[in-house]
Amino acid sequence: MARNELRPVIRLRSAAGTGYTYVTRKNRRNDPDRMTLRKFDPAAGRHVDFREER
């Protein structure tokens, strides 16, 4: 099964400035804008916003 550009791999970078990243996939039809998720940052030791970088 070929991977296409409808569900690209994106990197989520911590807004706390620690440089920690998560890697996930997103559906461009449902989320055309930059994605923001609140996840745990082990470098900061707390939950922070992770924003999509392009």
Side-chain angles (χ1 to χ4, degrees):
M1 198 159 145
R3 296 183 189 245
N4 58 12
E5 290 299 316
L6 182 61
R7 294 189 65 86
V9 175
I10 61 168
R11 296 181 69 180
L12 300 170
R13 183 167 301 274
S14 174
T18 60
Y20 193 79
T21 60
Y22 280 99
V23 178
T24 187
R25 300 178 72 84
K26 78 168 191 175
N27 188 329
R28 283 209 177 150
R29 286 188 188 155
N30 295 338
D31 300 311
D33 300 328
R34 289 193 184 189
M35 185 183 288
T36 301
L37 296 175
R38 191 160 174 83
K39 296 178 77 66
F40 185 75
D41 186 346
R46 59 189 170 95
H47 282 80
V48 296
D49 286 336
F50 279 76
R51 307 193 77 202
E52 175 184 349
E53 64 177 21
R54 290 193 177 152

S.K.: I need the Phe40 CZ to Tyr20 OH distance, nearest 0.5 Å.
M.R.: 9.0 Å
S.K.: Looking only at heavy atoms, which two atoms of Val48 and Ser14 are closest? And how far apart?
M.R.: CG2-OG, 3.5 Å
S.K.: Just verifying a value: how many Å separate Arg51 CZ and Thr21 OG1, rounded to the nearest 0.5 Å?
M.R.: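 Interatomic distance, Arg51 CZ to Thr21 OG1, rounded to 0.5 Å: 16.0 Å.
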S.K.: Are more than 12 heavy atoms from other residues, nucleotides or ligands located less than 6.0 Å from atom CZ of Arg46?
M.R.: no
S.K.: Rounded to the nearest 0.5 Å, how far apart are CD1 of Ile10 and NZ of Lys26?
M.R.: 5.5 Å
S.K.: With sequence neighbours left out, write down each residue that passes side chain to side chain donor-acceptor pair (under 3.5 Å) with Arg13, or none if nothing qualifies.
M.R.: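 For Arg13 the side chain to side chain donor-acceptor pair (under 3.5 Å) partners, ignoring immediate neighbours, are Glu53.
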S.K.: Could you give the distance from CG (Asp41) to NE2 (His47), rounded to the nearest 0.5 Å?
M.R.: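 Nearest 0.5 Å value for the CG-NE2 distance: 10.0 Å.
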S.K.: Using a 6.0 Å cut-off, check whether atom CZ of Arg29 has over 12 heavy atoms from anything other than its own residue.
M.R.: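 Atom CZ in Arg29 is not packed in, count stays at 12 or less.
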S.K.: Taking atom CZ of Phe50 and atom CG of Leu12, what is their separation to the nearest 0.5 Å?
M.R.: 8.0 Å
